[in-house]
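Note sheet for the following structure.
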Amino acid sequence: MLKKIPVQQVELGMFIQSLEGSWLSHPFWKTKFVLNEPAELAALRGSGVPEVWIDLSKGLAPAAVAPVALAPAAVAAVAAAPQPVPSPLPAPAPVSLGEELARAGELVNRSRQAVMDLFGEARMGRAIDAEQCLPLVEDVTASVERNPSALISLARLKTKDNYTYMHSVAVCALMVALARQLGLSTQTVREAGLAGLLHDVGKMMMPLEVLNKPGQLSDAEFSTMRTHPVQGYQALKAGGAVPQSTLDVCLHHHEKMDGSGYPEKLVGEQISLMARMGAVCDVYDAITSNRPYKTAWDPAGSIQRMAQWQGHFDPAVFQAFVKSIGIFPVGTLVKLHSGRLAVVIEQNPAKLVAPVVRVFFSTKSKLPIPVQLLDLAAPGCSDKILGRELAQDWGFTHLAELWAKPAVRG
């Protein structure tokens, strides 16, 4: 049984079915949950949301007092009044990469299926309900807040078959990490994640033989693929209730600062901040992933190449992006001054050139050595990174196994 009550009558233990007003304006990413945390109750009461729907069969009922019924004029007055900025909910406590990997792995599996279902609806011509995407964006954001490297790194391990779906999840995570690095508001971080998740929905309108072609596209096929931003924008707009920032990123994530992008050849500040963010995140994940027609570039090498593409990205946004994932992202193979090879498994935000690495191979003996965890930023550590190495040059085929497992410091 559902009941609408004023927000000031909400108590801990109630099951929140939905909140009145725009779903982007309140402090919760989710609906349909039991309100258990005092911080959530305080955030709800300070959010400007006038009323909520509760489910009496799933949670606490209101106290035995007559609920205050807001007259239409009062409701209109509340809606017209300036709304306070929602109080952000407490961020999850940071954890190590090893601690977050298991949760991130489960999230990757759940999100893959969720995006497949979502995009499947789009391919069949059905409207996308953007509000239904928020629980997934919430989960991605919580993972990034606990440890940004875990989900971002796992999402990079997509296959050629699930690239289109996992690319959306990866860009969602990258957009959240970048928005947090830029110091954007809680609501803007939320919108950035949603924009990343839906930026490529237009690919569902592409012919499958073009979308999944294992070789290079012909000029005609490439022209067809270049229509996906416009088609995605039109589909999202037709569905309604999609934030303008999501529409903008969908339409403009292939624009370039020098005006050589598409579909509108926008230049510089004509491209919104959110779309400039989307451009960086989209390209990075694309070039670091195995795709039907090309193998992945290594993450550190991709950062170096992107830095050299003059006129492509907003320099300030790109610098913030590098800070958010590291100069040597998780999974990068590096050579140390000691002559050993190691794989990056954790960032040191205060010293991007000195991450935590897992040492496993000697370039002098050309043999594996006992695996050792090494914090290059730790006091007394005399080793340092000389440069990145390519796994294929050394015949390493299972490099992910060295970082995608809990890090036990000994």
Side-chain angles (χ1 to χ4, degrees), residues 95-102 104-105 108 147-159 170 174 177 284-291 294-308 321-410:
V95 301
S96 70
L97 177 76
E99 292 175 286
E100 182 59 24
L101 278 173
V108 164
N147 187 297
S149 296
L151 180 60
I152 288 172
S153 301
L154 287 179
R156 197 175 65 237
L157 301 179
K158 59 185 72 69
T159 67
L174 289 166
Y284 174 79
D285 185 67
I287 63 180
T288 56
S289 304
N290 286 316
R291 306 175 72 181
K294 67 174 287 293
T295 56
W297 293 350
D298 72 291
S302 297
I303 291 292
Q304 292 182 5
R305 295 192 193 193
M306 290 171 69
Q308 297 170 1
F321 177 78
V322 173
K323 289 181 180 179
S324 72
I325 66 169
I327 296 173
F328 300 103
V330 169
T332 300
L333 179 65
V334 294
K335 184 177 181 179
L336 304 181
H337 185 266
S338 60
R340 298 175 294 176
L341 296 184
V343 63
V344 176
I345 64 165
E346 194 89 55
Q347 299 299 319
N348 279 314
K351 196 171 184 182
L352 294 179
V353 296
V356 179
V357 300
R358 184 171 272 128
V359 181
F360 68 98
F361 193 87
S362 170
T363 62
K364 299 174 182 178
S365 66
K366 301 291 193 299
L367 292 171
I369 57 177
V371 176
Q372 175 190 356
L373 197 67
L374 185 63
D375 185 349
L376 296 175
C381 180
S382 59
D383 220 340
K384 62 181 179 180
I385 293 176
L386 289 182
R388 65 184 181 88
E389 296 284 324
L390 296 178
Q392 56 267 35
D393 290 348
W394 292 90
F396 300 148
T397 58
H398 298 88
L399 202 60
E401 294 178 1
L402 286 168
W403 63 261
K405 64 179 180 180
V408 179
R409 297 175 185 268

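Not measured: the values here are computed from a predicted model.
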Checklist entry - Should the pair Arg156-Asp285 be classified as a salt bridge under the 4.0 Å nitrogen-to-oxygen rule? => result no
Next on the checklist: Which heavy atom of Thr288 sits nearest to which heavy atom of Ser302, and what is that distance?
Outcome noted: CG2-OG, 3.2 Å
Checklist entry - Do Tyr284 and Pro299 have side chains that get closer than 4.5 Å, going by heavy atoms? => result yes
Checklist outcome for this item: For Leu374 and Cys381 the tightest heavy-atom approach is CD1-SG, 4.0 Å
Item to check | For the student: nearest non-hydrogen atoms of Gly301 and Asp298, plus distance | outcome: N-OD2, 2.9 Å
Next on the checklist: Quick check: closest heavy atoms across Asp375 and Ala354, and the distance to 0.1 Å?
Outcome noted: OD1-O, 4.3 Å
Item to check | Value rounded to 0.5 Å, distance of CG in Leu402 from CZ in Phe360 | outcome: 5.5 Å
Next on the checklist: With a 4.5 Å cut-off on side-chain heavy atoms, are Gln372 and Arg340 touching?
Outcome noted: yes
Checklist entry - Do you know which two heavy atoms are closest between Ser289 and Ala296, and how far apart they sit? => result C-CB, 3.4 Å
Checklist entry - Does the pair Ser338 and Asp383 meet the rule for a side chain to side chain donor-acceptor pair (under 3.5 Å), with working shown? => result CA-CA 6 Å; Ser338 60; Asp383 220 340; 2.5 Å; yes
Checklist outcome for this item: Which of Val357, Val359, Val356 passes side-chain contact (heavy atoms from CB on, under 4.5 Å) with Leu373? It is Val356
Item to check | Cation over ring face, Arg358 and Trp403, 6.0 Å, 45° | outcome: no
Item to check | Value rounded to 0.5 Å, distance of CG in Leu97 from CD in Glu100 | outcome: 8.5 Å
Item to check | Heavy-atom check, side chain of Arg305 versus side chain of Trp297, under 4.5 Å | outcome: yes
Next on the checklist: Do Lys335 and Arg388 have side chains that approach each other closer than 4.5 Å (heavy atoms only, starting at C-beta)?
Outcome noted: no
Next on the checklist: Does any part of the side chain of Ser153, heavy atoms only, come nearer than 4.5 Å to the side chain of Leu101, both counted from C-beta?
Outcome noted: no
Checklist entry - Are Asn147 and Glu99 side-chain neighbours, meaning at least one heavy-atom pair lies under 4.5 Å? => result no
Item to check | Side chain Thr332, main chain Pro329, donor-acceptor under 3.5 Å | outcome: yes
Item to check | Verdict with reasoning, Leu390 to Leu333, per side-chain contact (heavy atoms from CB on, under 4.5 Å) | outcome: CA-CA 7 Å; Leu390 296 178; Leu333 179 65; over 6 Å; no
Item to check | Any donor-acceptor N/O pair, Ser149 side chain to Glu346 backbone, under 3.5 Å | outcome: no
Next on the checklist: I'd like to check Phe396 versus Leu341 (side-chain heavy atoms, cut-off strictly below 4.5 Å). Are they in contact?
Outcome noted: yes
Checklist entry - Does atom NZ of Lys384 have more than 12 heavy-atom neighbours, drawn from other residues, nucleotides or ligands, at distances under 6.0 Å? => result no
Item to check | Heavy-atom side-chain proximity of Ile327 to Ile303 below 4.5 angstrom | outcome: no
Item to check | Phe328 versus Gln347, closest heavy-atom pair with distance | outcome: O-NE2, 2.8 Å
Item to check | Side chain Lys351, main chain Asn348, donor-acceptor under 3.5 Å | outcome: no
Item to check | Full working for side-chain contact (heavy atoms from CB on, under 4.5 Å) between Leu336 and Leu376 | outcome: CA-CA 10 Å; Leu336 304 181; Leu376 296 175; 4.2 Å; yes
